[in-house]
Amino acid sequence: MAVSGGIAAYKSAELVRLLRKKGADVRVVMTRSALQFISPLTFQALSGNPVHTELLDAEAENAMGHINLARWADKIVIAPATADTIAKLSHGLADDLLSTLCLAATCPVYVAPAMNQAMWHKPVTQDNVKRLIAYGITMIGPGQGEQACGETGYGRMSEPAEICERLWAEPAAPYLHGRKVLISAGPTREPLDPVRYITNRSSGKMGYALARAALKAGARVTLVSGPVALAPPANADVIRVETAAQMHEAVISRAEAHDIYIGAAAVADYTPVAVQPEKIKKQDEQTTITLQKTRDILAEVAQLARRPFTVGFAAETHDLETYALGKLTTKKLDMIAANWVGRDHVGFDSEQNALQVFWADGRQTLSMTGKLHLAEQLISLIAKRYDEKNTA
Ligand code: C5P
């Protein structure tokens, strides 16, 4: 639990008590300003552990208290999180123990804001909160009501009992903890000449949502991304590529070092045989471009000597099940997630999607929902199948 400097810090003492009662092992980190509101002795007595306040901890064996704590924690909750703390985390600043710990953390992070209602409603704070959510951090509250400053509105820290319940409702241990997951996402661009290229409608949203869901499940994530207009998930190792050939190289060279590969990219199936060094001039009424088949990254990953658990996607406009099952077998995949494209509001570039997931001896339908929620369900299914395969 990380405590930043707000009057609601007194409520955090109760949160420690409730978490201990549930059986949690709690370690408390306090910012300098939190120390002005409540004594570390209170948290030490309630948690039964020493309280951490300094970034450079001479007592830690390797003088890297933030790394040790980040590795130790299954979950981090910041309560109260001040407007300043939220601003810092949303921009990746790391100038004290709390912010550095959060940057180093691979476990789920929860933020319980507490501030004056005008500060909460300021567009800059709201933008910062949106950034945190986009980076995979979960917000708890704030609540509405009377504030310590005498005003009324949103900004009160959620009650300790509510925060405790929220933390407890999530799975105790992330189910991909320590697993390495490689994900490819987005479209590729196949250049024709210095100014033109062939691409497709993939937005990368599903692949990025999968990266976030895998991180939330405790995995270490490498994201090989084609050109997209999305903020990269915090804590993922992002490798940017443009062409199918670059994506092939980036994925194949890393795949054997990962436990799971999810091919969510819309890789170009064909690329121009030659890139013209100069801009192609318009001349005839009709023209022809000769295309060459690209290498199938997914199928090649599945052929590797130390292949990861391999998951493919199938975007189809018709005969979804037949084509998906065909790809599962011919590409020798462990699992395939199929979805309709070319229909209203689903598939490429939409916020929502639905999936039919197939594996050798089973299938599951994941019905229409937001891509992040869908990604969480798919990651959970992948984790289950991965465990079954590796304990069989
Ligand atoms: O055969 P099809 O392109 O429909 O298969 C889709 C799946 O194959 C997706 O998971 C996609 O990422 C992957 N793929 C690939 N390399 C290609 C073409 C598709 O990895 N060259």
Side-chain angles (χ1 to χ4, degrees), residues 181-191 197-211 213-214 221-228 239-256 258 260-273 291-304 307-343 346-349 353-359 366 371 374-375 378-379 381-382 385:
V181 179
L182 177 64
I183 298 172
S184 61
T188 64
R189 273 182 193 165
E190 308 305 319
Y197 52 77
I198 300 172
T199 189
N200 58 64
R201 290 183 190 279
S202 168
S203 63
K205 283 177 193 159
M206 194 64 216
Y208 275 55
L210 284 164
V221 175
T222 309
L223 178 61
V224 175
S225 175
V228 296
I239 291 116
R240 292 180 200 280
V241 296
E242 212 163 290
T243 63
Q246 289 166 355
M247 187 171 276
H248 177 275
E249 203 283 320
V251 170
I252 298 294
S253 63
R254 291 172 176 84
E256 287 189 315
H258 287 79
I260 296 170
Y261 171 63
I262 310 174
V267 188
D269 291 322
Y270 290 90
T271 191
V273 168
L291 302 173
Q292 165 80 42
K293 213 171 190 178
T294 57
R295 295 171 75 169
D296 192 313
I297 305 169
L298 187 62
E300 286 191 30
V301 168
Q303 296 291 343
L304 291 171
R307 64 174 259 172
F309 186 90
T310 310
V311 183
F313 267 78
E316 308 292 348
T317 54
H318 60 285
D319 293 331
L320 185 83
E321 182 171 337
T322 315
Y323 282 119
L325 287 173
K327 284 170 196 176
L328 182 73
T329 330
T330 52
K331 299 196 189 199
K332 297 195 168 50
L333 309 178
D334 292 296
M335 197 183 245
I336 192 152
N339 65 290
W340 294 108
V341 284
R343 301 181 169 198
V346 296
F348 285 172
D349 206 25
N353 207 358
L355 293 171
Q356 293 279 348
V357 189
F358 303 92
W359 55 96
L366 304 179
K371 283 187 174 171
L374 193 66
L378 183 58
I379 288 291
L381 203 54
I382 291 171
R385 294 286 314 144

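Every number for a ligand or one of its atoms is a count from 1 in the order of the listing.
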Query raised in the report: Atom CD1 in I183, atom CD1 in I262: separation rounded to 0.5 Å?
Result: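 One gets 4.5 Å once the value is rounded to the nearest 0.5 Å.
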**Report entry** Results of side-chain contact (heavy atoms from CB on, under 4.5 Å) for A213 - residues two or more places apart only
**Finding:**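 With sequence neighbours excluded, A213 shows a side-chain contact (heavy atoms from CB on, under 4.5 Å) to A375, E376, I379, given in chain and number order.
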**Report entry** Side chains of T243 and T271 in contact at under 4.5 Å (non-hydrogen atoms)
**Finding:**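 SC-SC contact between T243 and T271 ruled out.
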Query raised in the report: Between the main-chain N or O of A244 and the side-chain N or O of E190, is there a donor-acceptor pair closer than 3.5 Å?
Result: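 Flag set: sc E190 to bb A244 pair under 3.5 Å.
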**Report entry** Shell of residues surrounding ligand 1, defined by a 4.0 angstrom heavy-atom cut-off that is strict
**Finding:**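 Close residues (ligand 1, cut-off 4.0 Å): G263, A265, V267, A268, D269, T294, R295, D296, I297, L298, G312, F313, K327, K331.
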Query raised in the report: Will you find, in the side chains of Y208 and S225, an N or O donor that is under 3.5 Å from an N or O acceptor?
Result: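 Their side chains do contain a donor-acceptor pair, which is all the 3.5 Å distance test asks for.
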Requested in this report: For the pair D334 and R385, find out whether any cationic side-chain nitrogen is under 4.0 Å from an anionic carboxylate oxygen.
Outcome: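 Salt bridge: no.
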